Amino acid sequence: MKIVDFIPTEQLKPFIKTYRIIESQDELINRVLPGTALTIAFRCKGDVNYIKGNSHDNLPVSAISGIRKSARLINYSKDTTTVIVHFKEVGAKAFFKEPLHELFEESVSLDNFFPKQKIAIIEELLAEAKTNNQRIAVIEQFLLSRLHDYKPDELITNAIAIIQSKKGIIKIKELADMLYISQDAFEKRFRKTIGSSPKQFSYVVRIKAIIDRKQNNQNLIELAFDAGYFDQSHFNKDFKLFTGQTPSEFFKFPSFW
């Protein structure tokens, strides 16, 4: 498998973290952990499936995925090329006027949001593209055509920065008080902009921070207690929901992104 990341152009940098191109010469299965922002996947060639138990659900050629709280297994067929658009946390809202929390735990075809004819043209151009630079150019042209007059919500941007600086360990009431807004109003505004509740977002940040620190050979249970867990069984339950595996299984072969 070959993975290459591309940096967006200046005009799209405020909204896009990166474009990731995944090329698989052989069939393989990869574990995708929950992230803190929405993604769009464009399949340029080959076949990609979600694995759920014993079934394989075919991924649409162009699909948008909301924030999730659990891992997914992705099956790439032989000779597959996929481009993943990783939005910044407050970036996806610049391209979608719909409330983003409706995508929580969901992956749906992009033609649910844009005209089918427009998406079909994009898919055709991506299938014909010969190089990764050509693929990125097609996607950037599409995104720029969808970019509406949008100013990031400063309050929500500040909330994201606080949650990340505290590694997800903060009470939502405390966070709302810091931002001088009622908890109810804050949660509604956060969900519409980010695509999850602040509590769900903090959960993803918290578990990701534990996994990142564990890879530096620190003791996992000590990290969990440092992250506010009071008992190991509660942490193990959250960890398995997030990764789909027990800690010992996960860190034995930590192959994921």
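Any value given below was found using the heavy atoms of this structure, including those in side chains, with hydrogens, waters and symmetry copies removed. Bear in mind the structure is a predicted one, so any value in this text is a computation, not a measurement.
Between the CD1 atom of I3 and the CD atom of E23 there is a distance of 10.5 Å, given to the nearest 0.5 Å. Atom NZ of K116 sits about 11.0 Å away from atom CD1 of I119, to the nearest 0.5 Å. Taking CG from N112 and CD1 from I64, the interatomic distance works out to 10.0 Å, rounded to the nearest 0.5 Å. With values rounded to the nearest 0.5 angstrom, T36 atom OG1 is found 4.5 Å from F201 atom CZ. In this structure, L147 CG and D149 CG are separated by 8.5 Å, a value rounded to the nearest 0.5 Å. One finds the OG1 atom of T157 at 11.0 Å from the CD1 atom of I162 (value rounded to the nearest 0.5 Å).
L126 has its side chain out of reach of V61: every pair of non-hydrogen atoms, C-beta onward, lies at least 4.5 Å apart. I156 is listed as a side-chain neighbour of F186, based on a closest heavy-atom distance under 4.5 Å. S197 has its side chain out of reach of H101: every pair of non-hydrogen atoms, C-beta onward, lies at least 4.5 Å apart. Residues K17 and E89 form a side-chain contact, since some pair of their non-hydrogen atoms from C-beta on lies under 4.5 Å apart. The closest side-chain heavy-atom distance from R146 to F113 is not below 4.5 Å. Between L103 and V108 there is a side-chain heavy-atom pair separated by less than 4.5 Å. Between L59 and I74 the shortest side-chain heavy-atom distance does not fall below 4.5 Å. Using a 4.5 Å cut-off on side-chain heavy atoms (C-beta onward), I211 and F250 make contact.
With sequence neighbours excluded, no residue satisfies ring pair (Phe, Tyr, Trp, His ring centres under 6.0 Å) with F225. Partners of R68 by salt bridge (Lys or Arg N to Asp or Glu O under 4.0 Å), not counting sequence neighbours, listed by chain and number: E105. Every residue two or more places apart in sequence or in another chain that forms a side-chain contact (heavy atoms from CB on, under 4.5 Å) with K171 is listed here: E174. Every side-chain contact (heavy atoms from CB on, under 4.5 Å) that K173 has, sequence neighbours left out, goes to D177, Q183. E27 meets the side-chain contact (heavy atoms from CB on, under 4.5 Å) test with N75; sequence neighbours excluded.
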- request: Begin with the C-alpha distance, continue with both residues' side-chain angles, and end with the deciding distance and a verdict on side-chain contact (heavy atoms from CB on, under 4.5 Å) for V83 and I136.
  value: CA-CA 8 Å; V83 183; I136 297 301; 4.2 Å; yes
message: Set out, in order, the CA-CA distance, both residues' side-chain angles and the distance that settles side-chain contact (heavy atoms from CB on, under 4.5 Å) for F87 and T39, then state yes or no.
response: CA-CA 6 Å; F87 290 101; T39 60; 5.7 Å; no
field: R72/S107 under side chain to side chain donor-acceptor pair (under 3.5 Å): CA gap, chis, key distance, verdict
entry: CA-CA 11 Å; R72 291 176 296 173; S107 290; 3.0 Å; yes
task: Check the pair D111, S109 against side chain to side chain donor-acceptor pair (under 3.5 Å), reporting the backbone distance first and the verdict last.
output: CA-CA 5 Å; D111 60 22; S109 176; 2.9 Å; yes
task: May I have the step-by-step check of side-chain contact (heavy atoms from CB on, under 4.5 Å) for D26 and Y76, ending in yes or no?
output: CA-CA 8 Å; D26 302 306; Y76 294 90; over 6 Å; no
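Between the R31 side chain and the A71 main chain, no donor and acceptor come within less than 3.5 Å of each other. In this structure, K93 contributes its side chain and E98 its backbone to a donor-acceptor pair below 3.5 Å. Of the possible donor and acceptor atoms, one in the side chain of N219 sits under 3.5 Å from a partner among the backbone N and O of I221. Proximity of a side-chain donor or acceptor of S77 to a complementary backbone N or O of D47 within less than 3.5 Å is detected. Put simply, the side chain of T18 never gets that close to the backbone of R20: no donor and acceptor are under 3.5 Å apart. Between the side chain of K88 and the backbone N or O of K13, at least one donor-acceptor pair lies under 3.5 Å.
The shortest heavy-atom contact between L223 and I210 is CD1-O, 3.8 Å. Among all heavy-atom pairs drawn from I172 and S202, the shortest one is CD1-OG, 4.1 Å. Here the shortest heavy-atom pairing between K167 and V205 reads C-CG1, 3.6 Å. Shortest non-hydrogen contact noted between G35 and I67 is O-CG2, 3.6 Å. Contact detail for P198 and I163: the closest heavy-atom pair is O-CD1, 4.5 Å. Pairing each heavy atom of L100 with each of A92, the nearest pair is CD1-CB, 4.0 Å.
One hydrophobic cluster, built from ILVMFWY side chains closer than 4.5 Å, cannot hold both I169 and L220; they sit in different ones. No chain of hydrophobic side-chain contacts below 4.5 Å, direct or via other Ile, Leu, Val, Met, Phe, Trp or Tyr residues, connects I7 to L144.
Counting only residues at least two apart or on different chains, the ring-ring contact (aromatic ring centres under 6.0 Å, His included) pairs with a member in residues 2-58 are F15-F95. Within the structure, the ring-ring contact (aromatic ring centres under 6.0 Å, His included) test picks out no pair touching residues 20-40 (sequence neighbours left out). For residues 117-136, the side chain to side chain donor-acceptor pair (under 3.5 Å) pairs, not counting sequence neighbours, are S62-E123, N132-R135. For residues 132-160, the pairs satisfying ring-ring contact (aromatic ring centres under 6.0 Å, His included) are F114-F142, H148-Y150, with sequence neighbours left out. Among residue pairs with one or both ends in residues 157-182, none qualify as ring-ring contact (aromatic ring centres under 6.0 Å, His included); sequence neighbours excluded. Listed by first and then second residue, the salt bridge (Lys or Arg N to Asp or Glu O under 4.0 Å) pairs involving residues 221-248 amount to none (not counting sequence neighbours). Residue pairs meeting the salt bridge (Lys or Arg N to Asp or Glu O under 4.0 Å) criterion with at least one partner in residues 197-211, sequence neighbours excluded, are absent.
The residue from K192, R191, R189 that alone fulfils the salt bridge (Lys or Arg N to Asp or Glu O under 4.0 Å) condition with D153 is R189.
Atom CG of L241 sits in a crowded spot, with more than 12 heavy atoms from other residues, nucleotides or ligands closer than 6.0 Å.
Geometrically, K69 does not engage Y203 in a cation-pi contact defined by less than 6.0 Å to the ring centre and at most 45° from the axis.
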